[in-house]
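A short write-up of the structure that comes next.
Counting starts at 1 for both ligands and their atoms, following the listed order. Computed over heavy atoms, backbone and side chain alike; hydrogens, waters and symmetry mates excluded. Everything numeric in this text was worked out from a predicted model, so none of it was measured.
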Amino acid sequence: MIDVGINGYGTIGKRVADAVTAQPDMQVVGVAKTSPNHEAKAAVKREYPLFISSDDRVEAFDAAGIPTAGIVDELIDTSDVIVDATPSGIGAKYAEDYLEAGTPAIFQGGEAADVAEVSFTACANYDDAQGRASARVVSCNTTGLVRLIEQLDEPFGVDRVRATLVRRGGDPSQTGRGPINDILPNPVSLPSHHGPDVQTILPDLDIVTVGLKVPATLMHVHALSIDLSSEATPAEIRDRLDASDRLFLVSDEMGIDGAGKLKDFALDAGRPRGDLWENCIWAESIAVEDGELYLFQAIHQESDVVPENIDAIRALVGEVDAETSQAMTNEALGLGL
Ligand code: NAD
């Protein structure tokens, strides 16, 4: 069994913890938090040993009646691998601690690429991450782009990608974020950082991205145009995308016209927290004009990186190859809608 510690038990950390618990070859040995809020209580209810970020927080947890198992340093020492899911920028502050303890670490996409030895998406570069001391699971948007491009590249060849990312303003619980009633070019300087982030995994890819932020919390939506090097019909592309368990083709007859119905669908399907771990690609949107493929996909920002974190754990400290790990993760979580 791989002993996994999770530093940061928020949007991503709590999902990764449950996903680890679902796997046959790994277990959660503890999760760490700074504040004794409802998520801390939920961690205790799920029987995850709860560690605190520093000694001076002990009183606050005691006052809230939340039992704790120790300080995060102890969790780092006793884990075979740490998944850092602290807020953007905090992971970099812990990087030295992980290194000193000799505990391999997985960071998230909010950190700069140089926080880890390698940026990671399982379908693209699992082998590069094997046995490394650290890896960074790229952001939700980057993960969604890399998965799609990789699935198309082998049979058809991807020459050039242009993507417009319509991004949610914040997660449902991020009450302080916006816009509330606006449409923001974001970042306003073009192109956006997402293309270079994809290139941390696919360095030779010709990709340019632009982004906007809208008053939504449910998902991101990407509008893509992709130059293919060989001819492909929309039907061939649909079949190819349908073959991956991490891509979900939304068929015309489902009547799913946007992110709202996708989330409703996920809840009806019994998905924990209404999560959609797969890229959701509208089959009807797939069109080819003069060798250029067009499509829309929706990305559930809170959960598409979760299976990637599980594969990153196996890449760093496990003993299975890329294909086996992805198959194990998919089966344990129930990917492939
Ligand atoms: P979050 O704010 O929801 O959760 C962060 C957790 O870390 C909280 O439980 C908080 O108590 C804890 N924490 C804060 N400071 C800490 C410290 N010093 N030590 C230990 N724990 C601490 O954040 P999130 O949305 O889960 O984001 C985590 C990372 O994942 C970021 O790098 C983010 O960019 C990335 N990410 C987020 C999303 C998303 O949509 N939320 C998607 C993909 C990647």
Side-chain angles (χ1 to χ4, degrees), residues 5-19 30-44 46 48 50-57 60-61 64 66 68-76 79 82-98 105-113 115-116 119-121 135-147 165 167-177 193-194 197 213 216-220 259 263 273-277 279 298-309 312:
I6 296 164
N7 189 14
Y9 188 78
T11 304
I12 301 298
K14 65 187 175 189
R15 288 173 164 83
V16 171
D18 291 353
V31 303
K33 271 199 73 65
T34 41
S35 46
N37 66 2
H38 68 100
E39 284 167 330
K41 288 191 175 158
V44 171
R46 281 169 143 86
Y48 297 137
L50 180 64
F51 291 77
I52 28 187
S53 54
S54 64
D55 283 327
D56 58 9
R57 310 289 300 158
F61 279 80
I66 299 175
T68 52
I71 306 299
V72 69
D73 296 350
E74 298 163 49
L75 177 63
I76 296 169
S79 302
I82 281 279
V83 176
D84 184 294
T86 59
S88 302
I90 304 285
K93 295 191 176 144
Y94 277 106
E96 196 65 31
D97 297 336
Y98 304 145
I106 294 159
F107 298 91
Q108 307 304 312
E111 303 301 325
V115 75
S119 290
F120 180 88
T121 301
R136 177 184 71 118
V137 172
V138 289
S139 76
C140 45
N141 280 309
T142 306
T143 296
L145 290 168
V146 172
R147 280 181 183 166
L165 314 182
R167 301 156 61 206
R168 58 84 176 107
D171 294 339
S173 64
Q174 288 176 316
T175 44
R177 289 179 61 158
H193 62 276
H194 303 92
D197 203 32
K213 259 198 208 183
T217 61
L218 300 178
M219 300 180 83
H220 305 296
K263 289 287 290 170
R273 303 183 175 96
D275 284 349
L276 286 155
W277 300 298
N279 295 24
I299 300 296
H300 185 217
Q301 75 280 358
E302 296 172 294
S303 70
D304 75 326
V305 296
V306 171
E308 308 300 329
N309 271 275

Quiz item: What about Thr11: any of its N or O atoms under 3.5 Å from an N or O on ligand 1?
Solution: yes
Self-check item: Distance-minimising heavy-atom pair for Val115 and Ala95
Solution: CG2-CB, 4.4 Å
Practice problem: Answer with side chain, backbone, both or neither: which part of Asn7 has a heavy atom less than 4.0 angstrom from an atom of ligand 1? | Solution: side chain
Exercise. Using only heavy-atom distances, determine whether the side chains of Thr86 and Asp84 contain a donor-acceptor pair under 3.5 Å.
Key: yes
Practice problem: Around atom 4 (O) of ligand 1, find the nearest protein heavy atom and jot down its residue, atom name and distance. | Solution: Gly10 CA, 3.3 Å
Quiz item: Does Ser53 reach ligand 1 with a nitrogen or oxygen that is under 3.5 Å from one of the ligand's nitrogen or oxygen atoms?
Solution: no
Quiz prompt | Residues in side chain to side chain donor-acceptor pair (under 3.5 Å) contact with Arg147, at least two apart in sequence or another chain | solution = Asn279, Glu308
Self-check item: Atom pair CD/OG of Glu111 and Ser119 - distance to nearest 0.5 Å
Solution: 11.5 Å
Quiz item: What part of Ile90 sits under 4.0 Å from ligand 1 if we count only heavy atoms: the side chain, the backbone, both or neither?
Solution: side chain
Quiz prompt | Protein heavy-atom partner closest to atom 33 (C) of ligand 1 - residue, atom, separation in Å | solution = Ser88 OG, 3.9 Å
Quiz prompt | Under-4.0 Å heavy-atom contact with ligand 1, by part of Arg168 that carries it | solution = side chain
Quiz item: Considering only heavy atoms, which of Val31, Thr86, Val306 lies nearest to atom 28 (C) of ligand 1?
Solution: Thr86
Practice problem: Kindly indicate whether atom 23 (O) of ligand 1 is approached by any protein heavy atom to under 4.0 angstrom. | Solution: no
Exercise. Determine, stepwise, if the pair Thr11 / Arg273 fulfils side chain to side chain contact (heavy atoms under 4.5 Å, CB included).
Key: CA-CA 11 Å; Thr11 304; Arg273 303 183 175 96; over 6 Å; no
Quiz item: Does ligand 1 have any atom that is closer than 4.0 Å to a heavy atom of Tyr94?
Solution: yes
Practice problem: Ignoring angles and geometry beyond distance, decide whether Ile12 reaches within less than 3.5 Å of ligand 1 through its nitrogen or oxygen atoms. | Solution: yes
Quiz item: Which atoms from ligand 1 have a heavy atom of Tyr9 less than 4.0 Å away?
Solution: 6 (C), 9 (O)
Quiz item: Can you tell me the protein heavy atom closest to atom 41 (N) of ligand 1 and the distance?
Solution: Asp171 OD2, 2.6 Å
Practice problem: Would you mind finding which of Lys33, Arg15, Gln108 brings a heavy atom closest to atom 9 (O) of ligand 1? | Solution: Lys33
Self-check item: Ile52 and its side-chain contact (heavy atoms from CB on, under 4.5 Å) partner, picked from Val72, Leu75, Thr68
Solution: Thr68
Quiz item: Which protein heavy atom lies closest to atom 12 (C) of ligand 1, and at what distance to 0.1 Å?
Solution: Gly8 CA, 3.9 Å
Quiz prompt | From Glu302 atom CD to Lys14 atom NZ, the distance as rounded to the nearest 0.5 Å | solution = 7.5 Å
Practice problem: Could you list the atoms of ligand 1 found under 4.0 angstrom from a heavy atom of Ala85? | Solution: 5 (C), 6 (C), 7 (O), 28 (C)
Practice problem: Measure from atom 34 (O) of ligand 1 to every heavy atom in Gly110, Cys140, Ser54, Ala43 and give the option owning the shortest one. | Solution: Gly110
Quiz prompt | Pro87 to ligand 1, any heavy atom closer than 4.0 Å | solution = yes
Quiz prompt | Test item: Lys33 side-chain N/O and Leu50 main-chain N/O as donor-acceptor pair under 3.5 Å | solution = no
Self-check item: Gln174 touching ligand 1 at heavy-atom level, < 4.0 angstrom
Solution: no
Quiz prompt | Donor on one side chain, acceptor on other, Tyr9 and Asn37, under 3.5 Å | solution = no
Quiz item: Short question: side chain of Arg168, backbone of Leu218 - any donor-acceptor pair under 3.5 Å?
Solution: no
Quiz item: Is it true that the side chains of Ser54 and Asp56 contain a donor and an acceptor less than 3.5 Å apart?
Solution: yes
Practice problem: Answer yes or no: does an N/O atom from Gly13 fall short of 3.5 Å to an N/O atom of ligand 1? | Solution: no
Exercise. For the pair Tyr98 and Phe107, name the ring-plane relationship: parallel under 30°, tilted 30 to 60°, perpendicular over 60°.
Key: tilted
Practice problem: Could you tell me the residue and atom name of the protein heavy atom closest to atom 15 (N) of ligand 1, and the distance to it rounded to 0.1 Å? | Solution: Thr34 CG2, 3.5 Å
Quiz item: How close does the nearest protein non-hydrogen atom get to atom 42 (C) of ligand 1, and which residue and atom is it?
Solution: Gln301 O, 3.0 Å
Practice problem: Would you please name every residue forming a side-chain contact (heavy atoms from CB on, under 4.5 Å) with Ser88, sequence neighbours left out? | Solution: none
